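So the structure is just underneath, and the comments pick up after that.
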Amino acid sequence: MPERKPLSANTVIELVDVDKTFANGTTALRSFNLRLQQGEFTSLVGTSGCGKSTVLRLIAGLSRTTSGELRREQPEGESSDFRIGFVFQEPTLLPWSRVWDNVYLPLRLRGQSKAAARETVNQAIEMVGLADFARVYPRELSGGMKMRVSIARALVTRPQLLLMDEPFGALDEQTRFALNDQLLRLWQQYQLTIAFVTHSVYEAVYLGQRVVVLSSRPGRVTADIEVSGDGQRDGAFRRSGHYHETCERVSQALAASAGVATA
Ligand code: ADP
């Protein structure tokens, strides 16, 4: 493991000793430290209410830290425009807009005309395999397809960081597995940096190169477990001893940090 040096060349974002207390006095995070590296797929797991969404919201700038630091690396030679894509558990599509217009929305909000955005939007829709559905309305799509539209919308700005908050939690297992594999392909192909929150230890280990375990509220990082092996993530990986051992390690870390005795 490299030394935890702040803002090393490939750090995308770093939270240092972050505390977050809401106006009603609830402390969601205390002494929270996390570093996200360029091109890395990081899974975050923790019991419900431990502060996972709060971490993502702080990173996205939707909420402010009470104390501590949130540092962003500015890639050299790039504009100061740090773009973050956010995918929520619900696809939150505009029902009156076609798939194409839903994906176009972030660029429209940035002032891009349809003509200027056309190619970028088409590419984002192709990335998630929905080119044939660009003209349809969300109500005509399955739950998994709606989520793919939501992912395309998050990727359309070419974000330096993709935040995903339990995006597949509401889907059936088969669809979830298919989207897991599709997401991994996108991550590899486009060298995305992803922070992925999930309730599922199995999903966290399948997707992540590392799994960050949070304590119960106030959340802090209690374990940071590497999922070694650069090999394929597929059915064979799901059946492998390494996968099951890593799931067991994460489950134990989760139980310990939630104050539950492990067997
Ligand atoms: P998780 O995503 O792990 O389920 P959250 O980050 O959503 O947890 O919430 C962490 C804690 O902070 C919870 O106890 C939640 O009730 C509380 N919380 C979240 N948002 C607010 C808010 N805006 N005001 C007050 N408390 C909040």
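Here the structure is a predicted model, which is why all the values come from computation and not from measurement. When a ligand or atom number is given, it counts from 1 through the structure's own listing order.
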Can you confirm, on distance only, whether ligand 1 has an N/O atom lying under 3.5 Å from any N/O atom belonging to G51?
yes

Heavy-atom pairs closer than 4.0 Å: do any link ligand 1 to the side chain of N24, the backbone, both, or neither?
side chain

One residue to check: R57. Relative to ligand 1, which of side chain, backbone, both or neither has a non-hydrogen atom less than 4.0 Å away?
neither

Given the protein's heavy atoms, is any one of them under 4.0 Å from atom 15 (C) of ligand 1?
no

Under 4.0 Å from atom 23 (N) of ligand 1, is there at least one protein heavy atom?
yes

In the protein, which heavy atom is nearest to [atom], and how far is it?
atom	answer
atom 18 (N) of ligand 1	F22 CE1, 3.4 Å
atom 5 (P) of ligand 1	T54 OG1, 3.7 Å
atom 10 (C) of ligand 1	G49 O, 3.3 Å
atom 7 (O) of ligand 1	S53 CB, 3.6 Å

Under 30°, 30 to 60°, or over 60°: which ring-plane class applies to Y243 and Y206, parallel, tilted or perpendicular?
perpendicular

When you group the ILVMFWY residues by side-chain heavy-atom contacts below 4.5 Å and let the links chain together, are V136 and M147 in the same group?
yes

Dump the intermediate steps for side-chain contact (heavy atoms from CB on, under 4.5 Å) on W100 and N122, then the final yes or no.
CA-CA 8 Å; W100 199 95; N122 289 344; 2.7 Å; yes

Looking only at side chains, do S63 and K20 share a donor and an acceptor under 3.5 Å apart?
yes

Classify the side-chain pair Q38/T193 by whether it contains a donor and acceptor separated by less than 3.5 Å.
no

Under a 4.0 angstrom heavy-atom cut-off, which atoms of ligand 1 come close to K52?
1 (P), 2 (O), 3 (O), 4 (O), 6 (O), 8 (O)

Using a strict 4.0 Å cut-off to heavy atoms of R217, name the atoms of ligand 1 that fall inside it.
11 (C), 13 (C), 14 (O)

Can you pull the side chain to side chain donor-acceptor pair (under 3.5 Å) pairs that have at least one residue in residues 46-56, sequence neighbours excluded?
S53-D165

Can any side-chain N or O of D224 pair as donor or acceptor with the backbone N or O of V212 at less than 3.5 Å?
no

In chain order, what residues pass the ring-ring contact (aromatic ring centres under 6.0 Å, His included) check against Y202, with sequence neighbours excluded?
none

